[in-house]
Amino acid sequence: MNTHPTTWLRTGRLDAVVAALGLVVALGLLPLVFLSSEAYVRTVPVVLGLGCLLYLVSIRRDVAVDRSRWTVGGSGVAAAELTGIGLVAVAVAAALAGTRTLRVILLAGAVGAFILLQIVFLSEDALDERLVLVQIVAHAFVVRFTGLFTTAGFIGVDSWEHVTQYAASLQEAGSLAPLADAKYYFAPFHLLANVVGSELLGVSLRLSLYLVLGSVLVLSVLLVYGTARYFVDARWALFATGAFAMTDQAIRWGMHIIPTSLGLVFFLGVVFAVTRLLHAETTRADWALLLGFIVAITLTHQVSAFVSLVFMGAAVLAQVLVSRVDWVTPADQYAGGGFGSPSPETSDSTDPITDGASRSLADTVPLHGAFAFHVVFTGAIWAVTPWSGERFLTRAVGLFWYTVQTSAGFLNLVPSSSGASGGGGGGGPSTLAGQVAPYVDALGFLVLLFAAILGSLALLRRHRSPQASHTIVIAIGVMLFFSLGLPLFGIRSFLPGRWYAFAYALMAIVGAAGLRYLGTQFSTRAVAALLVVLLLAFPFAMIAGKKATLDDPTFDQQWPKYSYTESEIAAMGTVGETTPGTEDAVYTDHPYQTLFRSTGAFLGMPINLTSISEAGPPHDRTVYRTYQSTGAPQFTTEGGVVVTRRVSQEQICPEASTRAYDNQETELCTRPGA
């Protein structure tokens with residue numbers, strides 16, 4: 001029987017209170033829709049409100065619900081064969097095109113959707129965990145490596161610097177001495193893995209980066225599966241694994257392979273180790289595993305280590321809440337069959353979720369010691385790490401305080417503008433593609449966020465290990481605050497773009513629990529239809545997202561391309577050789593200017609469009625490339641505002657300039673006498 005709308009508030013149920021607060025927050029944020037044109041600002045409050053409202057509706061329904069799942073018969077082997085054929089088609093299409101074209105992206109999205117659909121809808125007899133895991137890993141390999149091996153040089157910005165400067169100097173010197181003044185002196189794991197792989201395999205540093213670190217990144221998605229098995233049954237653990245592997249951020253760091261990438265791997269290890277400690281009877285080996293991952297992530301990347309600290313802090317906070325706050329009784333948590341409790345879908349006594357050797361409901365695991373070790377060890381390393389002539393810890397605190405003083409303010413988002421210039425034509429937001437692109441990019445995140453909201457509330461309602469469920473829910477909330485909340489107030493010193501991949505791993509696990517909960521609370525046919533829509537939209541949107549297509553953007557006139565042709569790379573080398581000195585800047589578009597800067601040959605700077613005139617090039621040494629007239633190059637204007645704008649060759653290299661180099665795609669023009 002339905003209850004009064006406020007009954008769940010009077011009974012003090014944590015899940016209901018959190019859902020109600022979430023709905024209030026969503027309503028409070030709705031006015032932002034009219035104050036900002038940023039896609040996340042406009043959509044996140046709506047998704048948050050819908051998720052919380054749907055959950056509040058679900059808990060007013062009768063407890064006795066139909067928990068049957070709509071499934072289809074078939075052969076898991078046949079499904080795997082179809083996936084294999086699809087992946088071969090993706091690889092062949094990319095090889096023939098020489099890049100990941102829109103056709104390649106759509107094919108990869110279709111194969112990804114097929115994998116997720118078979119996970120959710122194949123019958124129990126047909127679903128084979130090992131076959132599905134092989135499909136997920138194979139799909140991840142194909143999506144990433146088709147981009148890596150069809151791109152000249154490296155994808156992204158920092159890969160160039162880490163390989164051509166740091167790793168190359170380490171390999172030549174045979175010691176860490178070349179890093180003495182760099183912040184990677186006490187975080188060298190990524191660079192050492194690249195160099196060691198190159199030496200052992202007898203390949204170039206570039207190939208070692210892909211074969212060794214690229215493969216580790218793909219295989220690390222299995223840690224998501226291992227963690228998810230402590231929260232949901234095998235089917236939905238497979239879904240969490242596949243969903244995370246297909247996220248744009250996981251693809252991004254699998255192609256732009258830098259210390260952040262390896263830091264993500266060790267973070268997944270930290271999450272797995274903590275989850276295991278909170279669910280099962282543990283030994284010293286389990287604690288050693290956690291401490292080992294903490295040490296590894298600290299010696300790999302500073303931002304990744306800070307994210308790990310946040311997660312461990314969430315675990316300690318969950319420990320305090322579970323031990324001191326009694327919102328519901330154990331009987332309430334198991335009412336109706338919940339996550340981590342025996343149910344028609346998870347009745348196998350050998351299931352790690354329901355194993356009798358697991359911890360009891362009332363147990364809490366003291367994690368404050370591990371957290372204290374993390375704080376002390378990481379803080380000590382940061383205190384001695386050099387960074388731009390200072391110590392990392394003091395410089396990081398100083399940069400944060402400077403940001404608070406100079407740019408903090410409500411809705412103080414990154415200033416930018418776009419538009420047409422001269423004869424180049426525009427690719428700005430005034431066009432239909434410019435208006436659609438941000439929402440296509442946000443769609444995958446919004447689907448995952450919706451599922452994660454439902455899953456978070458469901459896990460707070462009932463789960464065999466409240467400490468584990470509270471940990472992952474609190475961690476998601478804090479991490480999204482760093483990635484979405486602080487930038488809303490102009491604070492971007494924590495590099496919010498780096499947090500998404502880490503949050504996605506947790507959101508995929510909780511999102512799987514959310515979709516499972518959705519299927520147990522509403523009409524089977526209605527849920528099946530909704531799941532089909534979500535499972536079709538999610539992989540297409542993620543694989544076609546801005547961060548997943550750095551090598552060849554889906555919207556190539558709105559999103560900048562972070563890869564280069566062989567001619568552009570050759571031009572960079574030649575221009576470097578002809579530049580008088582490293583103090584003489586070469587001006588070109590962004591991100592091309594980062595290629596000059598990252599290789600360490602000389603200074604690269606973005607062109608300032610306010611300097612354009614018919615008398616000559618805008619700077620003493622200016623590099624024009626065809627992409628500036630056809631793609632989405634970025635420049636600066638008055639006040640340092642970054643704009644995405646296409647320009648003509650005549651604007652950058654007018655007739656009055658001296659052409660010092662030209663290879664048909666790229667040319668260096670100088671002012672007379674420069």
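We use all heavy atoms of the structure for the numbers below, so side chains are in, but hydrogens, waters and symmetry mates are not. Nothing fancy with the numbering, it's 1 onward along the sequence. What you are looking at is a predicted structure, and each value in this text was computed from that prediction instead of being measured.
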For Y230 and F272, take the angle between the two ring planes, folded into 0 to 90°, and tell me which bin it lands in: parallel under 30, tilted 30 to 60, perpendicular over 60.
tilted

Can a donor-acceptor pair be found, under 3.5 Å and without considering hydrogens, that links the side chain of E129 to the backbone of A234?
no

Results of side-chain contact (heavy atoms from CB on, under 4.5 Å) for E81 - residues two or more places apart only:
V77

Would you check if Y55 and I453 make a side-chain contact, meaning some heavy-atom pair closer than 4.5 Å?
no

Shortest non-hydrogen contact between G254 and L148, atoms and distance:
O-CD1, 3.9 Å

Heavy-atom check, side chain of F445 versus side chain of T43, under 4.5 Å:
no

Tell me whether S261 contacts the main-chain N or O of H256 through its side chain, where contact means a donor paired with an acceptor under 3.5 Å.
yes

Verify side-chain contact (heavy atoms from CB on, under 4.5 Å) between L223 and V271, making sure each step is shown before the conclusion.
CA-CA 9 Å; L223 288 170; V271 174; over 6 Å; no

So how far is it from L448 CG to F538 CZ, rounded to the nearest 0.5 Å?
5.0 Å

Separation of I258 CD1 from L264 CG (nearest 0.5 Å):
11.0 Å

Kindly compute the distance separating CG (L56) from CG (L457), expressed to the nearest 0.5 Å.
8.0 Å

What are the two closest heavy atoms between G497 and R252, and how far apart are they?
O-NH1, 3.4 Å

For the pair R498 and F306, evaluate side-chain contact (heavy atoms from CB on, under 4.5 Å) and give the outcome as yes or no after the intermediate values.
CA-CA 11 Å; R498 303 285 178 102; F306 186 69; over 6 Å; no

Please tell me whether Y517 and R461 have a donor and an acceptor in their side chains that are separated by less than 3.5 angstrom.
yes

If we ignore hydrogens and angles and just use 3.5 Å, is the side chain of S308 paired with the main-chain N or O of S304 as donor and acceptor?
no

Donor-acceptor list for residues 474-488 side chains, cut-off 3.5 Å, not counting sequence neighbours:
residue	atom	partner	partner atom	Å
S483	OG	M479	O	3.0
S483	OG	L480	O	3.3

Taking every non-hydrogen atom, the tightest pair across V218 and V221
O-CG2, 3.1 Å

Using modelled atom types only, decide if a donor and an acceptor are shared between the side chain of R235 and the backbone of I119 within a distance under 3.5 Å.
yes

Nearest atoms (heavy-atom pairs only) where V316 meets H368
CG2-CA, 4.0 Å

Throw together a table of side-chain donor-acceptor distances under 3.5 angstrom for residues 102-109, partners on residues two or more places apart or in other chains.
none

When you compare the side chain of I251 with that of K547, does any pair of heavy atoms fall below 4.5 Å?
no

Got a sec, which residues hit side-chain contact (heavy atoms from CB on, under 4.5 Å) with A26, two or more places apart in sequence or on another chain?
L48

Using modelled atom types and a 3.5 Å cut-off, is there a donor and acceptor pairing between side-chain atoms of T554 and backbone atoms of A544?
yes

Minimum-distance pair of heavy atoms, taken over all atoms of G49 and L23:
O-CD1, 3.7 Å

Atom CD in Q135, atom OG1 in T241: separation rounded to 0.5 Å?
13.0 Å

Which heavy atom of A245 sits nearest a heavy atom of A250, and at what distance?
O-CB, 4.2 Å

Scan for salt bridge (charged side-chain N to carboxylate O under 4.0 Å, His left out) pairs involving residues 282-294, sequence neighbours excluded, and state none if there are none.
R276-D286

Just so I know, are the side chains of V303 and T260 near enough to count as touching, which here means a heavy-atom distance under 4.5 Å?
no

Just by distance, do the side chain of D233 and the backbone of W236 share a donor-acceptor pair under 3.5 Å?
yes

Under 3.5 Å, is there a donor-acceptor pair between the side chain of S215 and the main chain of V212?
no

So, do V90 and R100 sit near enough that their side-chain heavy atoms are less than 4.5 Å apart?
no

Aromatic contact, W253 with Y500 (centres under 6.0 Å):
no

Could you grab the distance from atom CZ of F239 to atom CG of L117, nearest 0.5 Å is fine?
9.5 Å

Under a 3.5 Å distance rule, please check whether S465 uses its side chain to pair with a backbone N or O of L278 as donor and acceptor.
yes

Among L530, I115, V120, whose side-chain contact (heavy atoms from CB on, under 4.5 Å) with L535 holds?
V120

Non-hydrogen side-chain atoms of I136 and Y225 separated by less than 4.5 Å
no

Are D248 and D441 side-chain neighbours, meaning at least one heavy-atom pair lies under 4.5 Å?
yes

Could you check H139 against T83 for side-chain contact (heavy atoms from CB on, under 4.5 Å), going step by step and ending with a plain yes or no?
CA-CA 8 Å; H139 182 267; T83 298; 5.7 Å; no

Interatomic distance, F141 atom CZ to L217 atom CG [nearest 0.5 angstrom]
9.5 Å

Are F502 and F311 close enough that their ring centers fall under 6.0 Å?
no

Among residues at least two apart in sequence or on other chains, which ones pass side-chain contact (heavy atoms from CB on, under 4.5 Å) with P45?
L29, L30

Would you indicate whether the side-chain heavy atoms of M246 and L116 approach each other to under 4.5 Å?
yes

Can you list the steps and then say if L367 with Q467 is a side-chain contact (heavy atoms from CB on, under 4.5 Å)?
CA-CA 11 Å; L367 290 171; Q467 187 177 355; 4.1 Å; yes

